[in-house]
Amino acid sequence: MKILVSGAAGFIGSHVCERLLGEGHQVIGLDCFTDYYSRGIKEANLAGALSVSSFCLCEDDLNEASLDLLLDGCDLVIHLAAQAGVRSSWGEEFGQYLHHNIAATQKLLEAMKNFPGLRLVYASSSSVYGDAALFPTAEDCLCRPLSPYGVTKLAAEHLCRLYQQSFGFSVVILRFFTVYGPRQRPDMAFHRFIRAMLEGREIIIWGDGRQSRDFTFVNDIVDGIMAAGFREEALGQTFNLGGGNQASVNRVIDILQDKIGVKARVVYREKARGDVRDTLADISLAARLLGFAPRFGLEQGLQEEVEWLRTVIDAPEK
Ligand code: NAD
Ligand code: UGA
């Protein structure tokens, strides 16, 4: 199959491209290399995909790209491009969230109107729930985001449903729960904690550290994306993809101290605005219709992220 992956140079997108290529698909990776984090990191993310001849990189913004040309002949679009990051979505930065999360999704959906057979998998987020009323949280729980980022991810979900209803596309919406593992974005907690511990710097914890997340290893997320892209039962559905690894931030620091063998120097600061207290996914729908069954426990997943960051930190500067 020929598949367009938006956000291909990012953390999750680069893993998705490698899996698709490994399974023999032809992949067009679209990414505009936003400056949210460094271009060098994104180029390193893409190195594996770029070494495969059936991968083609298109450096462009979804808002500007010639989507009619890119979508021609495609069977599936996996839409991961976004301005991520919960805590940085206030104030002036919100313009970036509107542009990359809402306007870009609308541009893609408009272009897809000309290709009725195409399937779209949209990467949404646990942040749409805000502080959920029920745990584990099922997909039909009230969505009341706590951050402007969450508002834009939910708005884009609604756009996807609206275009599905009005133009008959096949859409699958996936709500990822805090993803981690090799290539995790440098603004995310585990990346910051591990790097600080390896470099002997302080760790800042926002709040009391007792906030918890249903942490999900990136390979498990890729399994869920693949099932959403290829299984008939997925069509028209919204699925939670959570890792079954609920842990507090303090617990993660304890595990990392054991794995890295150094005592963390932790400084507690005021809770960050926009941060939810807890997340825990009900994944029974994804288990039933996608065959989703996370395989990576937190200990193993953290080990893999620590090993990856050791190689990144030890690598000579380019
Ligand atoms: P990332 O920032 O590493 O990757 C996103 C990529 O999209 C970047 O390389 C960026 O340059 C590109 N991009 C952004 N706007 C674009 C545009 N307009 N046109 C083309 N490219 C554009 O982020 P990630 O952590 O890999 O997240 C991928 C997706 O998953 C996002 O939609 C995010 O909201 C969602 N998500 C991530 C997590 C997580 O824990 N990482 C959790 C829930 C949802
Ligand atoms: C993550 C992603 O960054 C979002 O893109 C995504 O949409 C969201 O998951 C989701 O599941 O929907 P978040 O849960 O905030 O967001 O993940 P982290 O950035 O890894 O933070 C986890 C916790 O650690 C938060 O409570 C945060 O405040 C805390 N943290 C983070 C710190 O205490 N210190 C830090 O230096 C970084």
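Starting from 1, each residue takes its place in the sequence as its number. Only a predicted model underlies this, so the values are computations on that prediction, with no experimental measurement involved. Both counts, for ligands and for their atoms, begin at 1 and track the order of listing.
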Per-atom contacts, ligand 2 versus [X] - under 4.0 Å to a heavy atom:
{"X": "Gln211", "result": "26 (O), 28 (O), 29 (C)"}
{"X": "Phe193", "result": "32 (C), 34 (N), 35 (C), 36 (O)"}
{"X": "Phe176", "result": "10 (C), 11 (O), 12 (O)"}
{"X": "Val249", "result": "23 (C), 24 (O)"}
{"X": "Gly85", "result": "5 (O)"}

Quick check: are there more than 12 heavy atoms from other residues, nucleotides or ligands sitting under 6.0 Å from [atom1] of [X]?
{"X": "Glu23", "atom1": "CD", "answer": "yes"}
{"X": "Arg251", "atom1": "CZ", "answer": "no"}
{"X": "Arg201", "atom1": "CZ", "answer": "yes"}

Looking just at side-chain N and O atoms, do [X] and [Y] make a donor-acceptor pair shorter than 3.5 Å?
{"X": "His25", "Y": "Ser54", "answer": "no"}
{"X": "Asn63", "Y": "His99", "answer": "yes"}
{"X": "Glu307", "Y": "Gln303", "answer": "yes"}
{"X": "Glu139", "Y": "Thr238", "answer": "no"}

Exercise. When you measure from atom 3 (O) of ligand 2 to every protein heavy atom, which one gives the shortest distance, and what is it?
Worked result: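 In this structure, atom 3 (O) of ligand 2 has Arg185 NH2, 2.7 Å as its nearest protein heavy atom.
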
Exercise. How far is atom 3 (O) of ligand 1 from its nearest protein heavy atom, and which residue and atom name does that atom have?
Worked result: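 Sorting protein heavy atoms by distance from atom 3 (O) of ligand 1 puts Tyr37 OH, 2.5 Å first.
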
Relative to the heavy atoms of [X], which atoms of ligand 1 are at a distance of less than 4.0 Å?
{"X": "Ala81", "result": "7 (O), 13 (N), 16 (C), 21 (N), 22 (C)"}
{"X": "Ser125", "result": "43 (C), 44 (C)"}
{"X": "Thr178", "result": "40 (O)"}
{"X": "Phe176", "result": "30 (O), 36 (N), 42 (C), 43 (C), 44 (C)"}
{"X": "Cys32", "result": "16 (C), 17 (C), 19 (N), 20 (C), 21 (N), 22 (C)"}
{"X": "Leu80", "result": "28 (C), 29 (C), 31 (C), 32 (O)"}
{"X": "Ala9", "result": "9 (O)"}
{"X": "Phe33", "result": "11 (O)"}

At a non-hydrogen distance cut-off of under 4.0 Å, which region of [X] contacts ligand 2 (side chain, backbone, both, or neither)?
{"X": "Tyr149", "answer": "side chain"}
{"X": "Arg87", "answer": "side chain"}
{"X": "Ile203", "answer": "neither"}
{"X": "Phe177", "answer": "backbone"}
{"X": "Thr178", "answer": "both"}
{"X": "Arg175", "answer": "neither"}

Check this for me, if you would: do [X] and [Y] make a salt bridge, where the nitrogen-to-carboxylate-oxygen distance has to be below 4.0 angstrom?
{"X": "Arg87", "Y": "Asp187", "result": "no"}
{"X": "Glu64", "Y": "Lys107", "result": "no"}
{"X": "Asp223", "Y": "Arg295", "result": "yes"}

Return yes when [X] approaches ligand 1 closer than 4.0 angstrom through a heavy atom, no otherwise.
{"X": "His79", "result": "no"}
{"X": "Phe177", "result": "no"}
{"X": "Asp60", "result": "yes"}
{"X": "Tyr180", "result": "no"}
{"X": "Ser126", "result": "no"}

Exercise. About how many Å separate OG of Ser212 and CG of Asp278, when rounded to the nearest 0.5 Å?
Worked result: 3.5 Å

For this session: Using a 4.5 Å cut-off on heavy atoms from C-beta on, say whether the side chain of Arg273 contacts that of Trp90.
Result: yes

Problem set entry | Members besides Val267 in its Ile/Leu/Val/Met/Phe/Trp/Tyr cluster (side-chain heavy atoms under 4.5 Å) | none

For this session: Measure centre to centre between the rings of Phe94 and Tyr149, then say whether the value is under 6.0 Å.
Result: no

Exercise. Are Phe292 and Phe239 close enough that their ring centers fall under 6.0 Å?
Worked result: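 No; Phe239 has its ring centre 6.0 Å or more from that of Phe292.
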
Please compare [options] and report which has the shortest non-hydrogen distance to [atom].
{"atom": "atom 10 (C) of ligand 1", "options": "Asp31, Val218, Asn63", "result": "Asp31"}
{"atom": "atom 11 (O) of ligand 2", "options": "Ala82, Ser147, Ser126, Ala84", "result": "Ser126"}
{"atom": "atom 20 (O) of ligand 2", "options": "Ser124, Pro145, Ala189", "result": "Ala189"}

For this session: Using the six-membered ring wherever Trp is involved, compare the ring planes of Tyr129 and Phe177 and label them parallel, tilted or perpendicular (cut-offs 30° and 60°).
Result: tilted

Problem set entry | Within 45° cone of Tyr163 ring axis and under 6.0 Å: Lys113 NZ or CZ | no

For this session: Taking the six-membered ring of Phe11 (Phe, Tyr or Trp), confirm whether the NZ or CZ of Arg185 is under 6.0 Å from its centre and within 45° of its axis.
Result: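 Geometry flag: not set, cation outside 6.0 Å or 45°.
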
For this session: Measure Lys153 to ligand 1 on non-hydrogen atoms and call it side chain, backbone, both or neither using the 4.0 Å cut-off.
Result: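 Side chain only.
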
Problem set entry | Sub-4.0 Å heavy-atom contact, Ala272 with ligand 2 | no

